[in-house]
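Working notes for the structure below.
Residue numbers begin at 1 in each chain, while the letters A, B, ... track the order of the sequences. Note that the coordinates shown come from a computational prediction; the quantities given were computed from them, not determined experimentally. What's counted below: heavy atoms across the whole structure, side chains too, no hydrogens, waters or symmetry copies.
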Amino acid sequence: AALQAYFDAVIAADQKIEPRDWMPEKYRRTLIRQIAQHAHSEIIGMQPEGNWISRAPSLQRKAILLAKVQDEAGHGLYLYAAAETLGITREELVEMLVSGRQKYSSIFNYPTLTWADVGAVGWLVDGAAIVNQVPLCRCSYGPYARAMIRVCKEESFHQRQGYEVLHVLGHGTPGQRAMAQDAVDRWWYPSLAMFGPPDADSTHSAQSMAWKIKRFSNDELRQRFVDMCVDQARSLNLTLPDPDLRWNAQRRAYDYTQPDYDELMRVISGDGPCNRQRMAFRRQAHADGAWVREAAAAYAAKRASDREAVPA
Amino acid sequence: AALQAYFDAVIAADQKIEPRDWMPEKYRRTLIRQIAQHAHSEIIGMQPEGNWISRAPSLQRKAILLAKVQDEAGHGLYLYAAAETLGITREELVEMLVSGRQKYSSIFNYPTLTWADVGAVGWLVDGAAIVNQVPLCRCSYGPYARAMIRVCKEESFHQRQGYEVLHVLGHGTPGQRAMAQDAVDRWWYPSLAMFGPPDADSTHSAQSMAWKIKRFSNDELRQRFVDMCVDQARSLNLTLPDPDLRWNAQRRAYDYTQPDYDELMRVISGDGPCNRQRMAFRRQAHADGAWVREAAAAYAAKRASDREAVPA
Amino acid sequence: MSRPGLFDYLLALGDDALVTAQRLGEWYASSPAMEEDIALANIALDQLGAARLLLSYAAEVPDTALPARTGGPLPVAARPLDEDALAYRRDDRQFRNALLTELPHGDFAHVVTRLLLLAAYQVPLYDRLAAADDPRLAAIAAKTRKEVAYHLDHAATWVRRLGDGTAESHGRAQAAVDALWPYTHELFAPLAGGPIDPATLRADWERTVTAVLAEATLARPADGWAPGGGRDGLHTEHLSYLLAEMQSLHRAHPGARW
Amino acid sequence: MSRPGLFDYLLALGDDALVTAQRLGEWYASSPAMEEDIALANIALDQLGAARLLLSYAAEVPDTALPARTGGPLPVAARPLDEDALAYRRDDRQFRNALLTELPHGDFAHVVTRLLLLAAYQVPLYDRLAAADDPRLAAIAAKTRKEVAYHLDHAATWVRRLGDGTAESHGRAQAAVDALWPYTHELFAPLAGGPIDPATLRADWERTVTAVLAEATLARPADGWAPGGGRDGLHTEHLSYLLAEMQSLHRAHPGARW
């Protein structure tokens with residue numbers, strides 16, 4: 001009870017819980033689930049963008065895209081490390097991903113059909129991720145908050161790069177502009193759905209808000225994202241595919257059409273365009289790497305026993 | 001001795017030896033080797049041309065190329081069937097190919113680097129093959145002679161198609177013409193080498209001529225090929241890469257530079273640009289097909305035992 | 001004949017055939033026996049032949065009958081249209097083939113299973129189209145129906161052999177059926193511009209496929225997933241790779257004749 | 001600086017780096033551990049960076065210093081030249097990379113073995129070029145030498161682990177060494193236009209590679225086959241597929257900026 005009181009006081013004071021601190025089991029499990037899902041999303045998220053590395057249309061864009069996909073692997077690593085501070089191993093986390101027992105962000109179950117999708121993913125998907133994640137930099141769990149600071153910094157860099165890709169296309173040839181508009185048309189609603197179901201239907205939110213794992217409601221964040229995108233779309237010379245999008249002077253915010261939450265549920269439950277492809281890719285890479293990981297372990301064991309064999 | 005006399009008489013009378021006839025063991029073995037090598041060449045020859053099926057630059061050319069590669073499989077089949085009449089099984093023949101114990105024509109160990117190579121292979125390689133093979137339509141062994149009649153008919157169709165590919169390129173854009181000239185530059189000498197070493201160095205020839213398995217010497221056939229190509233090259237708007245090529249009014253034939261027979265020997269012995277690739281491809285396809293062949297055999301066996309199980 | 005939507009309808013059928021031919025063409029010299037190399041090349045040639053007839057017809061459809069978005073969000077780059085402009089100068093967002101046809105090949109079981117599932121649809125399709133009001137389409141269909149009947153027969157023979165062959169072949173055949181099954185639903189989705197509602201082909205397809213699977217001792221999957229989008233130019237990530245390779249040479253030489 | 005042959009020399013080095021980056025880029029998210037995904041992407045980025053510097057320099061070489069056959073039998077299509085024109089608008093017959101770099105990837109053993117064999121050559125190469133008379137080339141080399149030293153170190157670590165790991169990994173590593181070895185000879189063949197005779201790099205390379213193979217308990221192959229031709233634009237059949245994919249988008253939009 002004293003432990004619980006201390007925990008509550010830390011949360012109330014906007015201080016950080018650290019790995020050595022006592023924490024409620026449910027707080028720990030909620031955090032593991034959330035951080036793991038975020039880490040898995042980075043790992044699976046390498047696929048839709050990696051899909052265009054080999055075909056990037058200039059060497060500079062190829063370098064930027066390679067670096068971005070590399071950063072995603074890096075984010076996956078920090079986040080797995082943050083989750084590990086909660087008493088779960090990397091092996092367990094990876095196993096949860098490849099077995100399908102833990103989810104990753106549903107947005108990565110959509111295909112990247114054209115080069116403009118690389119731009120749209122950067123602008124919209126990374127943009128939505130940032131809106132979601134910036135508040136997490138003040139999350140109550142220290143290692144997660146610190147990981148998020150680093151992740152958000154890089155994500156905003158990626159978002160900027162995505163914006164630039166679309167800016168060039170939006171002001172390019174008619175074919176390029178059409179490609180960009182098509183990508184924005186396809187990614188807009190799935191990006192809105194990234195903020196989760198409407199507040200009325202959101203299950204875990206209340207407890208997470210109390211624990212300061214979550215700081216704003218799904219709908220608040222979604223609105224923030226919409227407001228941010230409207231102006232940027234104009235600069236991109238592109239339109240958002242929502243005929244009902246308009247400024248509401250009373251709310252001082254844009255009214256907009258909600259995404260199709262039934263579709264979101266279908267994709268979450270496994271029936272998106274690429275769920276199986278993404279999982280098959282990840283499982284194949286994991287399985288193909290088994291002999292290498294075994295070899296590395298065997299080699300390390302030999303070196304360790306060599307050292308032991310040295311006379312004292 | 002009576003058998004030998006009958007055999008000699010048939011050969012002398014330009015009649016055909018048939019599978020049921022007695023024949024000298026060495027005649028049989030020579031024929032098996034020659035027919036098998038020819039069959040293997042058709043099978044391996046599918047690779048350099050098949051390499052361009054997926055990228056043929058028009059649908060019509062794609063259809064023609066697919067049909068040609070299909071014909072090569074067909075030629076492989078007739079020729080294996082002709083060899084089988086000499087008392088060897090298809091399985092043994094295939095095994096000889098994938099184990100590397102029997103050879104295939106060295107020409108297929110060169111890569112097809114551009115689309116123009118498809119034209120050059122048709123024009124020069126099939127052209128040389130026809131010059132080599134037309135006399136075999138009168139070969140003393142009946143099944144082989146009959147197979148060659150069919151093969152030669154189709155080959156001359158292929159040669160015509162190769163000529164047409166080059167003709168379009170030779171009269172096309174500067175880039176197309178350069179591509180065509182480059183292909184002819186690379187395939188000319190290897191095609192000359194297809195007729196084998198100069199007569200002075202040719203080992204099996206004398207006996208084969210006596211048996212009417214072979215009807216002209218390597219050098220006679222090579223000269224016939226050169227003479228045929230010179231005029232055609234002119235119509236193609238392309239040049240043959242031999243500065244010493246010129247009409248010799250006395251011989252009533254073209255003088256020409258001999259191919260590099262040392263290179264021919266290196267390629268035959270395994271060190272051509274593609275020997276390993278061609279063999280690896282063939283072995284892989286053969287190995288990948290093993291489970292299918294087993295399934296087909298198991299299925300056939302079940303059907304056979306079903307039939308036996310029917311009460312009489 | 002220039003009904004609205006005819007262009008897209010011809011593209012859908014033509015692209016199914018073209019992409020099928022392209023995938024089969026990748027298998028040159030790779031099948032388990034020479035006889036099968038010949039058979040697969042034959043089938044590829046038939047599909048390619050049908051594609052050429054359909055795309056040539058599409059290329060001649062008057063502009064007035066074209067939909068607002070000619071074959072997708074990007075304009076077809078080459079005018080005048082012909083079969084090669086349509087095959088080589090459209091991007092994947094402009095292709096109308098069903099996703100089933102574009103999936104990369106796995107093993108031989110995958111090759112023949114896909115062919116079974118596709119041909120079982122093409123047989124009643126071309127049977128019905130052979131009686132269509134549109135004489136040009138009817139003529140194409142009359143030629144093609146005989147060919148796809150052979151494709152169906154050939155594929156069914158192999159699926160029976162593999163399904164009822166060895167344990168390994170059974171496992172591979174079942175895996176292929178399971179992987180491909182969800183993509184069959186798209187074949188029966190509404191398709192504007194043609195004389196036939198694809199849904200009316202389903203009963204025939206079911207009968208054929210169910211019978212072959214039963215003879216092959218293979219289970220019919222119970223999978224509710226029904227991916228689609230190909231008819232609207234929304235493909236898998238695989239198609240653009242297929243087209244990059246197929247179109248590379250043609251596009252590298254703008255304006256050239258071949 | 002505009003020695004005759006400089007253009008081809010820069011292409012040779014730049015194409016080695018570009019094609020290496022392209023092949024490594026195919027491995028995104030496919031390696032045995034996340035740390036390795038990061039490392040391989042890093043190496044790909046370094047090689048791509050070197051390629052960009054070298055091709056940009058090549059693009060600025062004055063026309064008078066170009067050889068008669070500009071980079072091959074086909075003319076480079078785009079003028080003015082820049083790194084993208086050279087990367088995206090040359091055909092395979094105009095690429096100058098060594099064949100070693102273009103071979104398709106097999107397994108992870110193949111990836112790290114190729115990297116070892118290449119980096120063991122690039123380390124002494126860029127060390128020597130860092131002292132070249134040509135200040136621009138020297139500056140590029142000074143930057144690149146540090147990067148390739150890391151590549152060598154990384155690859156050597158893996159080859160030791162795999163060679164001296166399990167029986168399976170040893171077998172795979174030996175198979176990779178055997179398959180790739182013949183292609184190393186080309187690295188030391190004469191190369192005009194540069195300040196260094198590649199043959200003089202061989203002793204260093206031998207020392208490095210022999211030591212790593214010995215530590216890895218791997219046999220040094222005795223294979224006399226020495227395929228070549230890459231420096232003259234005579235490649236394997238694999239390169240044109242790599243380029244078809246790499247160049248597909250760029251070529252589909254002539255004249256566009258990205």
Item to check | Interface moiety of Arg61(A) toward chain D, non-hydrogen atoms closer than 4.5 Å | outcome: side chain
Checklist entry - Are Glu294(A) and Thr166(D) close enough that a side-chain donor and a side-chain acceptor fall under 3.5 Å? => result no
Item to check | Contact origin within Leu169(A) toward chain D - heavy atom pairs under 4.5 Å | outcome: side chain
Item to check | Under 4.5 Å from any heavy atom of chain A - which part of Phe108(D) | outcome: both
Checklist entry - Is a donor on one side and an acceptor on the other found under 3.5 Å between the side chain of Arg293(A) and the backbone of Pro32(D)? => result yes
Checklist entry - Distance from Arg161(D) atom CZ to Lys302(A) atom NZ, nearest 0.5 Å? => result 13.5 Å
Checklist entry - Using 4.0 Å as the upper bound for N to carboxylate O, is an ion pair formed by Asp164(D) and Arg303(A)? => result yes
Next on the checklist: Using heavy-atom distances under 4.5 Å, tell me whether Ile38(D) contacts chain A through its side chain, its backbone, both, or neither.
Outcome noted: both
Item to check | Residues of residues 274-283 of chain A contacting chain D, heavy-atom criterion under 4.5 Å, by residue number | outcome: Phe281(A), Arg282(A)
Checklist entry - Checking Ala29(D) against chain A: side chain, backbone, both or neither under 4.5 Å from a heavy atom? => result both
Next on the checklist: Could you check whether any side-chain N or O of Glu168(D) sits under 3.5 Å from a backbone N or O of Val292(A), counting only pairs where one atom can act as donor and the other as acceptor?
Outcome noted: no
Checklist entry - Where does Ser30(D) contact chain A at under 4.5 Å (heavy atoms): side chain, backbone, both or neither? => result both
Next on the checklist: At a 4.5 Å cut-off on heavy atoms, which part of Gln284(A) comes close to chain D: side chain, backbone, both, or neither?
Outcome noted: neither
Checklist entry - For Tyr150(D), does the OH atom sit with more than 12 other heavy atoms under 6.0 Å from it, leaving out its own atoms? => result yes
Checklist entry - Is it the side chain or the backbone of Ala109(D) that comes within 4.5 Å of chain A heavy atoms, both, or neither? => result both
Next on the checklist: If we ignore hydrogens and angles and just use 3.5 Å, is the side chain of Gln22(D) paired with the main-chain N or O of Ser54(A) as donor and acceptor?
Outcome noted: yes
Item to check | Part of Leu55(D) lying under 4.5 Å from any heavy atom of chain A | outcome: side chain
Item to check | Main-chain N/O of Leu162(D) paired with Tyr299(A) side-chain donor or acceptor, under 3.5 Å | outcome: no
